[in-house]
Amino acid sequence: MAAWISSRFAAVARTAIKTLDVIINVFHLPRRYFCSPPYDYNTDDGEIAASTTDDPNASILTFGESLLYRLSLRIPQPRRSVYAANYNGRPRSPRQYNALIKVFGRLGDADAALRLLLEMKNPNVHCYTTAMDALFRAGRCQETEAVFREMISTGIVPDSVAYSILVKMYCFHLKHFVSAHQIIQLMADRGCEPDVVTYSTVIAGLCRAGGVDEAFSFMNLMLKDNCRPNALTYTPILQSYCAEGKVDSAMKLLNKMKGLGCPPDVVSYNVIIHALCKNGDFDEVDRILRESSNSGWNPDSATYNTYISGLCKMGMIEDAFNQLDVMLEKALQPTGVTLNILLALLCRDSNAMEIVPFLERSLELGLDVGAVSYNTAMTRLCETRECSAVLKLLSDMLKNGIQPDLQTFNIVILSLCRSGKLQKAKHIYQSRGFVPDTVTCNILLHEFCLSGEFEEFYQLLAEMSYKQIPPDAITYNIIVDGLCWDRKFSKAIEFVRFIDYGFNSDHVAHLAFGLVKGGRVGDLLRLLEEMKEMGVQLNGRLFEIMIHAFCMKGSCDSAEIYKICLVLDKMLGR
DNA sequence: TTAGGGTTAG
């Protein structure tokens with residue numbers, strides 16, 4: 001066994017060294033950056049040292065203070081470079097305003113986009129629609145419509161772009177296709193003909209909602225209205241087929257598209273290549289790439305990122321590096337996504353201490369390091385219980401003007417919980433402007449259970465309901481665990497009966513574990529009897545979990561063994 | 001009008 005572990009370790013180490021070599025070569029990183037001593041951060045009580053700021057004389061901020069200060073800036077400051085590079089301080093013409101509104105919309109900063117629109121004297125239709133799009137991207141539907149109405153009230157006649165954004169909102173966020181259709185009819189009535197983008201938006205929305213048949217029906221309507229589809233109209237359909245595992249149907253449609261007058265473009269091929277990679281069908285990917293020039297398309301960085309990522313996921317690291325070479329030989333630039341794929345590999349195979357200097361150097365080189373890169377690194381550091389390093393990276397993100405996303409904060413909260421700093425985790429959750437999701441709540445609920453803070457546990461559940469944060473299967477399991485740990489066994493049983501109309505095997509497993517651990521074998525036997533009467537299948541996995549619970553409980557003396565036999569009898573239907 | 005809306009990779 002020792003020899004096997006030793007050889008396995010050697011293989012992992014070789015892969016890690018190779019990964020690092022490739023990253024260093026691709027991004028032209030001097031090797032010394034990977035030999036530097038561990039980065040300097042304060043390991044005491046989650047404080048971030050002032051060395052993370054530019055001012056060497058700055059006082060030491062606690063993590064909470066530093067974070068609260070940042071979070072209190074509800075509206076992120078505009079990136080200076082955006083202004084400086086383009087407009088020497090302020091936008092002047094409507095076109096400049098529009099470009100800037102678009103930038104903020106893409107950065108997810110709808111407030112900044114809206115502020116710019118409001119400071120304009122006479123915004124035109126372009127500026128209004130770009131601001132609408134920024135609000136749509138931030139999920140702020142009511143305000144999107146409000147800007148649309150405001151535009152009309154100023155006497156501007158909405159064009160197909162403005163209507164298409166409303167259609168997009170109804171399809172993607174509200175999933176109300178009847179309203180989307182009504183808008184299309186309304187615009188036609190008002191003399192504004194829906195174009196290929198308007199129709200393609202609906203088709204993409206229907207596909208996202210799982211309605212491929214409806215998408216085809218809608219395409220017939222589009223053809224009836226003399227609007228010709230293009231590659232962008234068909235690509236969401238290809239995507240849906242692939243998501244349903246119907247890669248053959250996707251391939252057939254792809255081959256049919258040329259004859260339909262809209263040859264597939266690089267994105268259409270990328271969708272197919274992604275599906276083939278997921279199935280491990282790399283021979284077919286090779287064939288498609290070999291024939292690309294004859295088929296009238298050129299692979300781009302996304303094509304190779306998809307391929308390289310697929311190979312990495314299948315553990316084919318050598319092949320992945322070979323494709324990276326091909327990509328670079330074709331003079332395709334490695335993107336932020338390439339960086340993230342390699343970073344994920346580095347996180348998997350290398351020492352966690354290499355990750356921070358790697359990110360720092362990537363930034364220095366001007367690589368497209370974004371929230372995803374930091375999240376990948378922080379997840380790894382959270383797994384290795386390096387909470388201080390996670391906080392250091394959060395600090396770096398803020399310092400470098402990279403907007404943390406919800407996933408970033410969830411990783412930080414998890415990391416704080418795992419290192420016993422529940423108060424600081426709660427501090428983030430309660431910060432002004434922080435919008436938690438199901439994952440945030442699951443992390444905290446689980447932690448409240450572990451630390452026996454049941455009052456907080458029930459309060460958070462009430463908040464989830466109040467804030468309309470939907471629970472998922474993990475939340476249900478945590479609730480079952482929590483009720484059992486709080487010795488509210490009857491409520492736990494009642495709850496499992498209630499979820500999904502009764503006795504989901506995953507939740508039952510949690511309940512069985514809690515009942516055994518709480519010494520409520522009688523309740524468990526009655527539960528198993530009830531399930532049997534209802535025709536619910538009792539599987540071996542459930543029994544394994546219960547035996548595990550008995551073992552965890554210890555004291556496997558004759559009385560406990562007797563109880564196990566009772567449970568086994570019940571399972572076997574005796 | 002060389003501005004604004006629909007498809008892909010982590």
Side-chain angles (χ1 to χ4, degrees), chain A residues 91 93-103 105-106 113 117 123-134 136-137 144 147-148 151 156 158-169 171-172 180 194-208 215 222 227 229-240 242-243 257 262 264-275 277-278 297 299-310 312-313 327 332 334-345 347 368-377 379 407:
Chain A
S93 68
R95 192 181 299 200
Q96 287 178 340
Y97 266 103
N98 191 48
L100 210 48
I101 294 170
K102 182 178 175 180
V103 167
R106 298 292 153 102
L117 182 75
N124 60 20
V125 67
H126 294 284
C127 298
Y128 274 113
T129 50
T130 312
M132 280 174 68
D133 193 56
F136 159 80
R137 283 166 189 268
T144 309
V147 170
F148 181 77
M151 177 176 72
I156 294 173
D159 60 8
S160 66
V161 178
Y163 282 113
S164 294
I165 294 169
L166 283 187
V167 166
K168 179 169 68 167
M169 188 184 83
C171 291
F172 290 9
D195 58 19
V196 62
V197 178
T198 322
Y199 286 109
S200 300
T201 303
V202 179
I203 287 168
L206 287 166
C207 287
R208 273 196 205 186
M222 170 182 185
C227 185
N230 59 23
L232 279 84
T233 320
Y234 279 104
T235 302
I237 298 174
L238 294 175
Q239 174 83 296
S240 285
C242 292
M257 280 168 70
C262 50
D265 64 5
V266 60
V267 179
S268 317
Y269 280 101
N270 287 348
V271 168
I272 296 285
I273 287 172
H274 186 246
C277 285
K278 215 171 154 194
W297 68 285
D300 61 5
S301 292
T303 317
Y304 282 96
N305 285 341
T306 307
Y307 195 8
I308 293 165
S309 173
C312 287
K313 280 178 184 159
M327 175 182 177
L332 292 168
T335 66
V337 176
T338 322
L339 176 72
N340 291 335
I341 293 164
L342 298 177
L343 180 64
L345 214 53
C347 287
D368 184 12
V369 184
V372 177
S373 318
Y374 276 92
N375 292 347
T376 305
T379 300
Q407 197 185 342

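Here is how names work: the chains are called A, B, and so on, in the same order as the sequence lines, proteins then strands, and each is numbered from 1.
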Angle between ring planes, A:Trp297 versus A:Tyr269, binned at 30° and 60°: parallel, tilted or perpendicular? parallel

Rounded to whole Å, the OH-P distance (A:Tyr128 to B:dG5) equals 18 Å

Separation of B:dT8 atom C1' from A:Asn270 atom CG, nearest Å, is 5 Å

Nearest to the side chain of A:Val337, which nucleotide is it out of B:dA9, B:dG5, B:dT7? B:dA9

A:Val161, nearest nucleotide to its side chain (from B:dT7, B:dA3, B:dG5): B:dG5

Output the rounded distance in Å from CG (A:Leu166) to P (B:dG4). 19 Å

Quick note, A:Arg95 side chain, CB onward, closest among B:dA3, B:dG5, B:dA9 is B:dA3

Ignoring hydrogens and angles, are the base of B:dG4 and the side chain of A:Thr130 linked by a donor-acceptor pair under 3.5 Å? no

Among the candidates B:dG4, B:dA9, B:dT7, find the nucleotide nearest to the side-chain atoms of A:Ala204. B:dT7

Looking across every strand, which nucleic acid part, if any, lies under 4.0 Å from A:Thr129 by heavy atom: base, sugar-phosphate, or nothing? base

Looking at A:Gln239, does any N or O in its side chain come under 4.0 Å of the phosphate oxygens OP1/OP2 on B:dT8? yes

How would you label the contact of A:Ile341 with the nucleic acid (heavy atoms, under 4.0 Å): base, sugar-phosphate, or nothing? sugar-phosphate

Okay, side chain of A:Ser200, backbone of A:Val197: is any donor-acceptor separation there less than 3.5 Å? no

Under 3.5 Å, side chain of A:Ser309 to main-chain N/O of A:Thr306, donor-acceptor pair present? no

Given the structure, check if the side chain of A:Ser200 and the base of B:dG6 hold any donor-acceptor pair shorter than 3.5 Å. yes

A:Met132 atom CE is separated from B:dG6 atom C1', nearest whole Å, by 15 Å

What does A:Ser268 touch in the nucleic acid at a heavy-atom separation under 4.0 angstrom: a base, only the sugar-phosphate, or nothing? nothing

A:Arg137 side chain N/O closer than 4.0 Å to the phosphate oxygens (OP1, OP2) of B:dG6? yes

Please give, in whole Å, the distance from B:dG4 C1' to A:Ile165 CD1? 6 Å

Side-chain donor-acceptor pair under 3.5 Å between A:Thr130 and A:Asn98, yes or no? yes

Under the 3.5 Å rule, do the base of B:dG5 and the side chain of A:Asp195 count as making a donor-acceptor pair? yes

In whole Å, what is the span from the CG atom of A:Asp159 to the P atom of B:dT1? 15 Å

Answer with yes or no whether A:Asn230 presents, from its side chain, a donor or acceptor under 3.5 Å of a partner atom in the base of B:dG6. yes

Nearest to the A:Thr335 side chain among B:dA9, B:dT7, B:dG4, which nucleotide is it? B:dA9

Given B:dG5, B:dT7, B:dT8, which nucleotide is nearest the side-chain atoms of A:Phe172? B:dT7

What nucleotide among B:dT8, B:dG5, B:dT7 has an atom nearest to a side-chain atom of A:Val271? B:dT8

Under 3.5 Å, is there a donor-acceptor pair between the side chain of A:Asp159 and the main chain of A:Ala162? yes

With heavy atoms under 4.0 Å as the rule, sort A:Thr376 into base, sugar-phosphate or nothing. nothing

Once you apply a heavy-atom cut-off of 4.0 Å, does A:Thr233 come out as touching a base, just sugar-phosphate, or nothing? base

Flag the pair A:Arg208 / A:Pro236 as yes when at least one side-chain heavy-atom distance between them is below 4.5 Å, and no otherwise. no

Could one point to a donor on the side chain of A:Asn124 or the base of B:dA3 with an acceptor on the other under 3.5 Å away? yes

Mind checking A:Val125 for me? I need base, sugar-phosphate or nothing, with any heavy atom below 4.0 Å counting as a touch. base

Name the nucleic acid region contacted by A:Lys313, choosing base, sugar-phosphate or nothing; use a 4.0 angstrom heavy-atom cut-off, strictly under. sugar-phosphate

Between A:Arg208 and B:dT7, is there a contact of a side-chain N or O with OP1 or OP2 at under 4.0 Å? yes

State whether A:Lys102 places a side-chain N or O below 4.0 Å from either non-bridging phosphate oxygen (OP1 or OP2) of B:dG4. yes

Expressed as a whole number of angstroms, how long is the span from A:Tyr234:OH to B:dG6:C1'? 15 Å

Not counting sequence neighbours, which residues clear side-chain contact (heavy atoms from CB on, under 4.5 Å) with A:Arg106? List them please. A:Lys102, A:Asp133, A:Arg137

Rounded to whole angstroms, how far apart are CD1 on A:Ile203 and C1' on B:dT7? 12 Å

